Amino acid sequence: MMKVAIVGTGPTGIYCLQQLLATGRDLAVTLFEKGEKAGIGMPYSPEHAGKFMLANIASIEIPPVVEPYLDWLQAQPEARLVSFGLEPEDLDDRQFTPRLLLGEYYRAQLLALVERAREGGHQIDIQESTEVLDILPHQEVLQVKTAKGWHGPFDRVILATGHDFPDEDEATRSYYPSPWSGLIEASIPAVPVGIMGTSLSSIDAAMAVANQHGRFRRKDDDLCFDIAPDTGLHITLMSRSGILPEADFYCPIPYHPLAVLTDEAVARCASGSCPLDTVFDLVRAEILHADPAFALRIGLAGLDADSFAPAYFAAREAADPFRWARRNLEEVELNKADKVTVPWRYALLRMHEKVEAIVSELPEADRERFDAGLKKVFVDNYAAVPSESIRRLLALRDAGVLSVLALGEDYDLKREPSRTRIKTQMDEHVFEVFIDARGQKALTSNDMPFPSLREALLQADQEVPEVAEDYSLIDVPGYAGRLTLASIPYLMHDRPFVQGITACHDIAAAIAVGAAKGRRRRLAAA
C-alpha cells in the first residue's frame, strides 16, 4: 500500500483523498485534523463563521465529493434548512448559502468518502484534535510528530493546512488582526468600528458587528436593518480606493472557450522581451472581440497594461459607492432573471486563470506593474460577492450605521492600547474597535510552522518553497518528491489567484496525477 499522511481536512484535504482514491492504488491514509471535527475547514467552522456569513460559491461551481452540494441540500430536513434562512422550494444550483452549511456538507462528504474507501479495502485513519508539530525525513520516508507521539512512516505527506491568519493571541478587545481572530465570539460595543478592506471578508466582519446591535428584516422586496435605539455604533469600511465590490453576475458554466487569449497564445508571450505588454495585447483583443461597446466606452484601444486599471475603475471611484452598488445590484438581478451575460465581465472572468500561468515568469519590473494594474482588475472581477451581501450593506447604509472611507495612497495607521488612529491627507479618524479584514497574505518558508521542514527549506535557499507540477517539493534534501505542498498561502507568490474551492480541487487533481505517475517536472521558478 502507498502510505500517505494528509495534514488538514478542509476542502483541499478532502479533495486530495478523493483524487488519490480515484488513482486505483491501494492506500493507507492518515488524516490529521487539529480541530475537534474533521472535514469542516476553517472558513466554514462555527468558531470562525456565523449563520449570516455567506459562502462566495454556488453549488454549480462546487466540485462534488460523493454527491453534488445541491443534491445534499435537497436531502436535508426542512427545519434544518429553515434554521439557516433557506426555503426548500427556493433551492437552486446558483444559490449562495451560509458558510456553516457548506462546512457541514464537507464533513458529511468526508465521512461518506471514508466509509466508501474502507469498503473498497483502503485503510483510512482520521486523527481529530491532533495538531501536527513537525515533519521529519527518515531514510526514504517521512514521519509526522504530534503531541501523541510519532506517526508513520509515510511515503508521502500532503500539507493541506489551508488559510493561515495571525494568531488569535494577537487580538485584544479593541483590535482584531483578522476577522477570524476571535471576532465571532467577541462582544463588540456600540462604538465607532473601523474595518480595513471592502471585500466579502470585510462585509462578513461588518455583519458580525452589526448583528450584535440590531436585526435585518424583509420589507416587501427590500432588506432593512433595525438598530437598537440610542446606540453609538458606526461601522466604516475602508480601502485605498474606497470602492465596494460588485455583485456576482450571471454567466454560462462551464465556461466557454476564449477566442484570442488561449493557453498557447499566453505561453508564447513568455519568450518575448516584453511579456506583460504582449499578454495585455491579448487581453485587449479578447475584450474587443467580446464587447466592442465596452471597449469603446473606456477607450480600450488607447490603453496599455498600466493605464487599463485606472480607466476600468475611474467611473466607480468617481461615484458614491452606495449609489453605484444599488445600480449594479439592480442590473445584476435583472440579468440573472433573464439569464443575460455581460460579455466584458465574462471575458475577464475567463482570462484571469490563463494570465496567471505567465505571472511566475514575468521579470521583476513587469511583476510590479502587473500587481499594480491588471491584477487588481482581475481580482475585482472574480471577487464579486453574493447579491444578498450587497443588500445588507445597503440596509446598513440606509439605517445610518455604515460608511465607506477612501484612504488614498498615503495614510498613516497607528495602533494605541484602546483605539486605532488613521490619518489621511484630508482628515484623522479614530476607531475604538478596529478589524483588519484584508484577507490572506502570501506566506514564505519562514512562516512554515513545522521546524524541521522550515529549516530544510531555508537551508535549500528557498525563501518561497519551489514545487513541481504535482506540488511536491523540489531540491529540498529529505523532502523532495515526498512532501507535497497543497497549502494555498505558500502558493500565492507565483499564483496570485489560487484561492477558493475550485482551486482546492484542481490542486488535488494534480497531486493525484503525480502520485500515479511520479511526475517531477518543475511547476514554476521561484
Side-chain angles (χ1 to χ4, degrees), residues 7-14 31-59 62 65 69 72-73 75-86 95-114 126-131 160-171 173 176-188 195 199-216 385-386 388-389 392 433 435-437 439-440 488 500-501 504:
V7 183
T9 65
T12 303
I14 294 172
L31 298 108
F32 294 94
E33 171 55 52
K34 69 178 180 180
E36 293 182 1
K37 290 184 177 181
I40 296 178
M42 185 275 285
Y44 315 108
S45 67
E47 295 80 16
H48 298 98
K51 286 188 175 182
F52 50 84
M53 292 183 175
L54 298 176
N56 200 19
I57 186 169
S59 177
I62 298 173
V65 183
Y69 184 42
W72 181 84
L73 284 173
Q76 301 308 300
E78 180 177 349
R80 187 182 195 187
L81 295 175
V82 171
S83 72
F84 282 96
L86 303 177
Q95 185 175 13
F96 296 102
T97 63
R99 290 186 189 180
L100 289 179
L101 198 54
L102 188 55
E104 292 188 13
Y105 163 76
Y106 274 112
R107 175 165 172 79
Q109 295 299 288
L110 173 61
L111 297 180
L113 185 65
V114 167
I126 301 179
Q127 295 280 331
E128 295 177 322
S129 300
T130 305
E131 182 177 4
T161 47
H163 290 290
D164 188 1
F165 293 96
D167 195 282
E168 252 183 63
D169 293 340
E170 296 182 27
R173 286 185 295 179
Y176 295 86
S178 84
W180 299 277
S181 54
L183 179 64
I184 293 299
E185 299 174 349
S187 177
I188 305 298
I195 300 177
S199 67
L200 184 60
S201 296
S202 311
I203 296 172
D204 284 344
M207 297 308 118
V209 174
N211 274 285
Q212 296 188 31
H213 301 282
R215 67 181 184 92
F216 290 95
V385 302
E388 185 69 7
S389 295
R392 292 171 180 176
V433 174
I435 304 162
D436 192 334
Q440 179 68 64
I488 282 176
I501 286 173
C504 298

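None of these values were measured; they are calculated from a predicted model.
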Quiz item: If you take all heavy atoms of G39 and I14, which pair is closest and at what distance?
Solution: O-CD1, 3.6 Å
Quiz prompt | Nearest-0.5 Å distance, OG1 of residue T97 to CE of residue M53 | solution = 14.5 Å
Practice problem: Please tell me if the side chains of I126 and T9 come closer than 4.5 Å, counting only heavy atoms from C-beta onward. | Solution: no
Quiz item: If you look at every heavy atom in L200 and L54, which pair is closest and at what distance?
Solution: CD2-O, 3.8 Å
Self-check item: Within-4.5 Å side-chain heavy-atom neighbours: Y44 and P11
Solution: yes
Quiz item: What's the spacing between S201 OG and N56 CG if we round to 0.5 Å?
Solution: 9.0 Å
Exercise. Write down the atom of G50, the atom of I184, and the distance for their closest heavy-atom approach.
Key: N-CD1, 4.1 Å
Quiz item: Going by heavy atoms in the side chains, are Y176 and I188 under 4.5 Å from each other?
Solution: yes
Practice problem: Find the distance between CD1 (I40) and NE2 (H48) and round it off to the nearest 0.5 Å. | Solution: 11.5 Å
Quiz item: Less than 4.5 Å apart, any side-chain heavy atom of I203 and any of I195?
Solution: no
Self-check item: Distance, nearest 0.5 Å, that separates CD of E47 from CD of E36
Solution: 7.0 Å
Practice problem: Evaluate the side-chain contact (heavy atoms from CB on, under 4.5 Å) criterion for residues S199 and V385: first the C-alpha distance (whole Å), next the side-chain angles of each, then the deciding distance (0.1 Å), finally the verdict. | Solution: CA-CA 8 Å; S199 67; V385 302; over 6 Å; no
Self-check item: Spatial distance of atom CZ (F84) from atom CG (L100) [nearest 0.5 Å]
Solution: 5.5 Å
Quiz item: Under the side chain to side chain donor-acceptor pair (under 3.5 Å) test, which residues partner E131, sequence neighbours left out?
Solution: none
Quiz item: Does Q95 reach the side chain of L86, with side-chain heavy atoms less than 4.5 Å apart?
Solution: yes
Quiz item: Got a sec, which residues hit side-chain contact (heavy atoms from CB on, under 4.5 Å) with H163, two or more places apart in sequence or on another chain?
Solution: M42, P43, F165, Q440, Q499
Self-check item: Member of R99, M207, E388 meeting the side chain to side chain contact (heavy atoms under 4.5 Å, CB included) criterion with F52
Solution: M207
Self-check item: Heavy-atom check, side chain of V433 versus side chain of V209, under 4.5 Å
Solution: no
Quiz item: What pair of heavy atoms forms the shortest contact from Y69 to P98, and how long is it?
Solution: OH-O, 4.5 Å
Quiz item: How many angstroms lie between atom CG of L81 and atom CG of L101, to the nearest 0.5 angstrom?
Solution: 6.5 Å
Would you give me the side-chain donor-acceptor pairs under 3.5 Å for residues 104-113, sequence neighbours excluded?
residue	atom	partner	partner atom	Å
E104	OE1	R80	NE	3.1
E104	OE1	R80	NH2	2.0
Y105	OH	E67	O	2.7
Y106	OH	Y15	OH	2.8
R107	NH1	A38	O	2.8
R107	NH1	E128	OE2	3.2
Q109	OE1	V66	N	2.8
Q109	OE1	E67	N	2.9
Q109	NE2	E67	OE2	3.3

Practice problem: Would you name the heavy atoms of A437 and S202 that are closest together and state the gap between them? | Solution: O-OG, 3.2 Å
Exercise. Measure from the side-chain N and O atoms of Q212 to the backbone N and O of A186, and report whether any donor-acceptor pair falls under 3.5 Å.
Key: yes
